[in-house]
2 protein chains.
Amino acid sequence: MPGLSNTALPLYEKVKDFVLDNIGNGNWPQNEKLPSEHDLVSSLGVSRMTVHRALRELTDKGYLRRVQGVGTFVSPPRAQSTLIEISNIVSEIKARGSRHRAEVVILERIERPDEMLLRAFEYTEPRPVDHSLIVHCENGVPVQLEERYVNPTLVKHYLDQDFTSAATYDYLQHSTPLTEVEHLISAIPATERDAKLLHIRERDSCLVLNRKTWTGPTVATVNTFTYVGSRYALGSRYLSPAR
Amino acid sequence: MPGLSNTALPLYEKVKDFVLDNIGNGNWPQNEKLPSEHDLVSSLGVSRMTVHRALRELTDKGYLRRVQGVGTFVSPPRAQSTLIEISNIVSEIKARGSRHRAEVVILERIERPDEMLLRAFEYTEPRPVDHSLIVHCENGVPVQLEERYVNPTLVKHYLDQDFTSAATYDYLQHSTPLTEVEHLISAIPATERDAKLLHIRERDSCLVLNRKTWTGPTVATVNTFTYVGSRYALGSRYLSPAR
DNA sequence: AAGTCACGAATGTATAGACAACTATAGACA
DNA sequence: TGTCTATAGTTGTCTATACATTCGTGACTT
């Protein structure tokens, strides 16, 4: 029981969150050996298969390294994220060993979306849209402004999430069966609102990632991630097989 | 028993192979509904958890799409590349039907690189570096500033290229056997020099793509592509399933 | 005709238990 | 001293089972 968050996520997601937290807060430093699966089973009160799945998925994503017969170890932080799996800034910050804080600025259901939103969702008639605006801070410094518009018929209970947990963002990405994702990356000067929220000056350069997802023919989410240009870079590293 | 390969792989890997084979040989065409987990359990003689793991991993990789309560479906092959192969602005401009013009600003061999360049190339002793600076215009309007530093021992005759032809850029990207590529995308304000060359104001937002390539252990090229933020966006589109 | 509800079917998660495979280490033996 | 071996500890795989969640359908009701 101790250590696992209280939200409605699946258990293996909570375990992943628990591990990332321990990495982030320095409890388990780089190359540290994690408690064995058996230990985690005892201390967390879940079955071994659940722990195993959590550790395997974190290994697949590069956070851990496992050696059969020996143990599980914390991997050195990756230089950057890959482009496919961007947008989970929370895991990134935690894995880097920084302190993460999410500040929820807006959390609402828009009953009557304006013209632009309707177009973005390809609605023909006015229907509600869920809306969140969150500032993500790394060690107290704002890094990313995350604005999401969500189709509530496709993503139920979106507004009820715990937006301070890393697992939430992981979960959101896999909970809806996406059929299409579009990314658009641009550089734009900060608006007055963005500048205020990110603690930068107006017109300062921001890296903006627009992400639009579909489930079948209908638009599921329309997201805008605004990074502070002077504090963040998106990276991808490609290694050919031979090395 | 029937259908699973005979090698020493784990069962769930064999199930994955089995599914991929059926997709590959056209047995299960695009958007076809797969047999249910229960059916596969019967026909393959493995437990449901094993089938489930196989299907889940194939889903994560984009080969399948699953809908709870409905079934599992074959996804169309991935239509699109990721961001790896951007940066050939010339083809892009031409494909858009616009007029392209390349303006060579600098073309030189630097015999004695400064400290920063040496670090970028991980040189331990001073060695020459080829250098080009080119402005790309779409219909007469500057869009991209392309600055390349090239290791002349790996890329021969770099300075002799025809930098106004689209094919040149295609060629440069594939002429050297790269073993590693690193992309870093950031948003930074235009410097005085960049502003002048791109016909924008100083401090205007630019999208900067840094690209560094290795051939074996040695650095081959260090490139910086600076896009005018208000005139350009990088895009990637990922298609997965039924549409 | 339209809405509601119950049910079946399919996937999602979780558990307990078993065995296999691998590694490091300590102890036995030459 | 050096080598081999047994063993404990850890991760990897697999099964059987149970319950949860979601979706579509068809029967029933209104």
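Just so it is clear: chains get the letters A, B, ... in the order the sequence lines come, proteins before strands, and each one is counted from 1. What you see is a predicted model; the values in this text were computed from it and never measured.
Interatomic distance, Gln144(A) CD to Leu209(A) CG, rounded to the nearest 0.5 Å: 8.5 Å.
Heavy-atom nearest nucleotides on DNA chain C were determined for Val70(A) and for Pro35(B), and the one closer to the 5' end corresponds to Pro35(B). Each of Gly69(B) and Arg56(A) lies near DNA chain D, and the nucleotide nearest Arg56(A) is the one positioned closer to the 5' end.
Arg48(A) comes within 4.0 angstrom of a base, heavy atoms only. As judged by a 4.0 angstrom heavy-atom cut-off over every strand, His52(A) is placed among the base-contacting residues.
For Thr50(A), the side-chain atoms get nearest to dT15(C) when compared with the rest of dC14(D), dT13(C), dT15(C). Comparing dT15(C), dC14(D), dT11(D) by their nearest atom to the side chain of Ser36(A) picks out dT11(D). Here the side chain of Ser47(A) is nearest to one of dT10(D), dC23(D), dA14(C), namely dA14(C). The side chain of Met49(A) approaches dT13(D) more closely than any other nucleotide in the set dT11(C), dC23(D), dT13(D). Among the nucleotides dT15(D), dG12(D), dG12(C), the one closest to any side-chain atom of Arg66(A) is dG12(D).
When rounded to the nearest whole Å, the span between CG of Leu11(B) and P of dA18(C) equals 20 Å. Taking atom CZ of Arg53(A) as the reference point, atom C1' of dG12(C) lies 8 Å away to the nearest angstrom. What separates CD of Glu37(A) from P of dC22(C) is a distance of 16 Å, to the nearest Å. For His38(A) and dG12(D), the NE2 to C1' distance is 17 Å, given to the nearest whole Å. The distance from atom CG of Leu9(A) to atom P of dG12(C) is 17 Å, rounded to the nearest whole Å. As a whole-Å value, the separation of Leu55(B) CG from dC14(D) C1' is 16 Å. In this structure, CG of Leu34(A) is placed 16 Å from C1' of dG9(D), rounded to the nearest angstrom. If you measure from atom CZ of Arg65(B) to atom C1' of dA10(C), you get 14 Å, rounded to the nearest angstrom.
With salt bridges taken as basic N to acidic carboxylate O contacts below 4.0 Å, one links Glu37(B) and Arg66(B). With respect to the salt-bridge test (charged N to carboxylate O, under 4.0 angstrom), the residues Lys16(B) and Glu57(B) qualify. Using a 4.0 Å cut-off between charged nitrogen and carboxylate oxygen, Glu13(A) and Arg53(A) do not count as a salt-bridge pair.
Between Tyr232(B) and Tyr227(B), the ring-plane angle classifies as parallel under the 30° and 60° cut-offs.
Here Thr72(A) does not reach the OP1 or OP2 of dT10(D): none of its side-chain N or O atoms lies under 4.0 Å away. In this structure, Tyr12(B) does not reach the dC14(D) phosphate: none of its side-chain N or O atoms is under 4.0 Å from OP1 or OP2.
Figure legend. dA30(C) is base-paired to dT1(D); pairs are counted as Watson-Crick or G-U wobble with both atom distances under 3.5 Å.
Judged by distance alone, with hydrogens and angles left aside, Gln68(B) brings no side-chain donor or acceptor close enough to the base of dT22(D) to form a pair under 3.5 Å.
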Worksheet entry | Criterion side chain to side chain donor-acceptor pair (under 3.5 Å) on Ser132(A) and Tyr158(A), from CA distance to verdict | CA-CA 9 Å; Ser132(A) 67; Tyr158(A) 172 71; 2.8 Å; yes

